[in-house]
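These notes are about the structure you will find just below.
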Amino acid sequence: MNLFADIRTLVTDCLTAMAAEGQLPARLDFANVAVEPPRDAAHGDMATNAAMVLAKPAGVKPRDIANALAPRLAADPRVAEATVAGPGFINLRLAPAVWQGVVATALEFGTDYGRAMAGAGRRVNVEYVSANPTGPLHVGHTRGAVFGDALARLLAFAGWDVTKEYYINDGGAQVEVLARSAYLRYREANGEAVEIPAGLYPGDYLVEVGKALAAEFGDSLMDQPEESWLPDVRDFAIERMMAMIRDDLAALGVTMDVFFSERSLYGTGQIEATLAALEEKDLVYVGELEPPKGKLPEDWEPRPQTLFRSTAYGDDTDRPVRKADGSWTYFAPDIAYHRDKIERGFDLLIDVWGADHGGYVKRMKAAVAALSDNRVELDVKLCQLVKLFKAGEPYKMSKRAGTFVTLRDVVDEVGADVTRFVMLTRKNDAPLDFDFAKALEQSRDNPVWYVQYANARTHSVFRAAEEKGAGVAEESLKGADLTLLGHPAELALLRKIAEWPRLVETAAQHHEPHRIAFYLYDLASEFHALWNRGQDEPGLRIVQPEDPAASRARLAMALAVRVVISAGLGILGVTPASEMK
RNA sequence: GACCCCGUAGCUCAGCAGGAUAGAGCGGUCGCCUCCUAAGCGACAGGUCACAGGUUCGAAUCCUGUCGGGGUCGCCA
């Protein structure tokens, strides 16, 4: 399905034949042989570096290899022309039939066109969002949610068996703060005037939790000591918060396969067992840390503590797993959690975190490497900050939380589809400016709109054909005579469509869903460009009432565009539009 | 002080596994928009890829160092 892979196979087959005939040494390693689109389209459709990368190991001049290889490539019916250029590139021009065949492939496979097997059914766990259950998700979480979800969908499309997972940080001190905050709202619901002191969560979202507590417990918790009500209130509030978070995620189109509670690790011995396993490898010990150089924390005093020897796996310093009071640090249960993931048999772990957790990456990787004996890879994707704007002005409104803009605020303002697409118009590790006004703008510089518009046109063109008496059933287009797609502008579009399978593979390999968004914009541009040319050159229009065969071929092409845009938007989790409103 | 991310056109950013003359949108300049397929179209200009070394046939891309911006740095999660 991936034309570039097909042609690369042709290249290596020819090289193998050359070796068999003594033109090249046997046993050459072809790993570095690449077949790629040339940077400059004028050079041809594809280029291979084979002659240059093999020159040294073969002990043959690059041009000599190229001159021998090129005619062999040209002998293949798919190759129209193979020329040697520059230091030893071989530029290939493919027969139009190859590009035309891409349309047939796209129609045959539908939105499965481009689906890859690179994952080969291996199991990957993508952990994302994982916000504390202490309040509504904010904009930063939104980016992580969209990124993680799109990455999960991308990997699934690329042949991985994906589990989407949320780690609930319900084991630390924050959920006790949550409990105290909710308890105050409970007292409020029971008619008491309360003031939320600094250090507790002031957001209005807890008011309804307080009322719910009052409905559940009546006044039985009033004037009781904290020990007696805290566990119940805490559990109640966490459940409420998680229900809210699930709703918020659902509004964004994000659903998880697994919610994993940190608290569920406590009291089961799993944390202890994990540390014991590490201790057996001499990776846990009691020692004293050097104070950090430069800025010395004011209250620093040296003391012995239980440490994980993460330096054995590339970290800068060993990391504590117990606090001064003997309780676990955040790290300890998190190690146990990752061990659980390893034991569930995943081949690859991906964590999506905010950039402010960057300092945590090395120790977690060290832990996963140690626990899996380097068998399981952990890739941590950091998402940078989102800055909000409205028509260029900084935007800090919050309807619900009082102090920060929530996920729900964003989705209410522009919708889930727009939110998702815009969040993916930047690489995850680049800061993102999100402008509410621009996101809804109907113009070329709004990629969401531009891509949706292209997709809408692939629908409207069928309606237009109908009106002109040139209507066809979409299903019948598989029989269209695609050799009629020969105009350079059409071939340019077909080449773009042909890139799709390759793009899916590289985006999945790099764990970078934003590449899908950029590709879709490019594809849309190519389609719009062809469409616009039809304004001036009626002969290029898709619907040709006087020429049913040409109409059919071009409608098939439009359908192929739709197939790819739909598949791409599907990976991003965006609903394709069939018309613009 | 250390570690991580970033530094590409006036602005916002892409750049695929190291490939040939580094791309897009905006902004700028110039044209078109009586025909037609929905909210415009097209062309041009604009770059020491932060800087200096190194590896390589070849570096924006890999390595080292410097500078600049951001993030983080035991008992927060």
Side-chain angles (χ1 to χ4, degrees), chain A residues 4 31-32 34 36-40 42-43 47-49 52-53 55-56 61-62 85-89 91 130-132 134 169 171-175 262 288-297 299-303 305 307 315-320 322-327 329-331 333-334 354-362 380 382 384-385 425-427 429-431 433 442-447 449-450 453 456-457 460-461 463-465 468 499 502-503 505-507 509-510 512 514-515 517-519 521-522 525 528-529 531-538 541-543 579-580:
Chain A
F4 293 88
N32 291 326
E36 307 173 309
R39 188 174 275 174
D40 187 342
H43 289 130
T48 179
N49 61 356
M52 288 177 298
V53 298
K56 195 178 227 178
K61 284 183 207 161
F89 281 102
N91 291 322
S130 296
N132 302 328
T134 55
N169 293 142
Q174 284 127 333
V175 287
E262 174 189 356
E288 215 169 88
L289 279 181
E290 295 282 317
K293 299 195 168 150
K295 280 185 296 188
L296 188 69
D299 56 348
W300 178 273
E301 48 187 59
R303 63 176 187 84
Q305 48 191 341
L307 298 168
D315 201 358
D316 313 297
T317 177
D318 294 337
R319 305 292 179 174
R322 277 190 198 277
K323 301 180 192 173
D325 64 3
S327 65
T329 62
Y330 174 78
F331 190 33
D334 208 8
D356 55 340
H357 290 55
Y360 200 72
V361 173
K362 283 188 180 180
V380 180
L382 299 179
Q384 275 290 350
L385 292 177
T425 54
R426 287 288 175 269
K427 229 174 359 191
D429 53 9
D433 289 349
Q442 302 191 342
S443 75
R444 176 167 194 159
D445 58 321
N446 178 1
W449 178 83
Y450 201 60
Y453 186 23
R457 275 182 161 169
S460 70
V461 69
R463 298 193 287 269
K468 296 189 177 183
E499 280 178 30
R502 180 175 185 272
L503 187 107
E505 283 181 26
T506 52
Q509 182 189 343
H510 291 271
E512 291 184 344
H514 76 274
R515 294 186 191 218
F518 280 92
Y519 168 84
Y521 182 82
D522 285 347
S525 294
H528 286 308
W531 186 282
N532 291 330
R533 283 187 67 164
Q535 306 275 3
D536 298 327
E537 304 173 47
R541 289 176 199 168
I542 290 172
V543 179
E579 60 182 330
M580 306 304 277

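Atoms considered below: every heavy atom in the structure, side chains included; atoms not considered: hydrogens, waters and symmetry mates. Each chain gets a letter, A, B and so on, in the order its sequence line appears, and its residues count up from 1.
Within the nucleic acid shown, A/Tyr360 comes within 4.0 Å of at least one base atom, counting heavy atoms only. The residue A/Asn49 sits close to a base: some heavy atom pair falls under 4.0 Å. Among the heavy atoms of the strands, none lies under 4.0 Å from A/Glu288. Counting non-hydrogen atoms under 4.0 angstrom, A/Lys468 reaches the backbone sugars and phosphates but no base. Note on A/Tyr330: a base of the nucleic acid sits closer than 4.0 angstrom, heavy atoms only. Among the heavy atoms of the strands lying under 4.0 Å from A/Arg457 are primed sugar atoms or P, OP1, OP2 only; no base atom is included. As judged by a 4.0 angstrom heavy-atom cut-off over every strand, A/Pro431 is placed among residues touching the sugar-phosphate backbone only. Using a 4.0 Å heavy-atom distance criterion, A/Asp522 is classed as making no nucleic acid contact. Counting any heavy atom pair closer than 4.0 Å across all strands shown, A/Gln305 reaches a base atom. Among the protein residues, A/Arg502 comes within range of the nucleic acid bases, having at least one heavy atom under 4.0 Å from a base atom. Contact annotation for A/Ala85: base contact, defined as any heavy-atom pair under 4.0 Å involving a base atom. Counting any heavy atom pair closer than 4.0 Å across all strands shown, A/Leu503 reaches no nucleic acid atom. Using a 4.0 Å heavy-atom criterion, one finds that A/Ala355 contacts the sugar-phosphate atoms exclusively. The residue A/Val53 sits close to a base: some heavy atom pair falls under 4.0 Å.
The base of B/A77 sits with one of its N or O atoms less than 3.5 Å from a complementary donor or acceptor on the side chain of A/His357. Side chain A/Asp334 to base B/A77: no donor-acceptor pair is found below 3.5 Å.
In terms of position along RNA chain B, the nucleotide closest to A/Tyr521 lies nearer the 5' end than the nucleotide closest to the other residue of the pair A/Gln174 and A/Tyr521. Remark on RNA chain B: of its neighbouring residues A/Arg319 and A/Ser525, the 5'-side contact belongs to A/Ser525, judged by nearest-heavy-atom nucleotide.
In a base pair of the Watson-Crick type (N1 to N3 plus N6-O4 or O6-N4) or a G-U wobble (N1-O2 and O6-N3), with each distance short of 3.5 Å, B/U21 is matched with no nucleotide. Base pairing of B/U64: its partner is B/A52, meeting the Watson-Crick or G-U wobble criterion (both donor-acceptor distances under 3.5 Å). Across all strands shown, the partner of B/C3 is B/G71, judged by Watson-Crick or G-U wobble contacts whose two distances both fall under 3.5 Å.
Separation of atoms CG (A/Asp522) and OH (A/Tyr450) is listed at 10.0 Å; rounding is to 0.5 Å. Here the CD-CZ distance, from A/Glu512 to A/Phe518, works out to 10.5 Å after rounding to the nearest 0.5 Å. Atoms CD and CG, from A/Gln305 and A/Leu289 in turn, are 5.0 Å apart once rounded to the nearest 0.5 Å.
The distance from atom NZ of A/Lys362 to atom P of B/C3 is 7 Å, rounded to the nearest whole Å. Here the P atom of nucleotide B/A14 and the NE2 atom of A/His514 are 6 Å apart, to the nearest Å. In this structure, CZ of A/Phe331 is placed 12 Å from P of B/C75, rounded to the nearest angstrom. As rounded to whole Å, 18 Å separates atom P of B/U61 from atom CG of A/Asn32.
For A/Pro320, whose side chain is taken as the heavy atoms from C-beta onward, the closest listed nucleotide among B/G42, B/A14, B/G74 is B/G74.
In terms of heavy atoms, A/Ala85 sits closest to A/Asn91 at CB-ND2, 3.5 Å.
Remark: ring of A/Phe89 overlaps the six-membered base ring of B/A20 in a stacked fashion, centroids less than 5.5 Å apart, planes less than 30° apart.
A/Asn169 has its side chain within reach of A/Asn132: a pair of non-hydrogen atoms, C-beta onward, lies under 4.5 Å apart.
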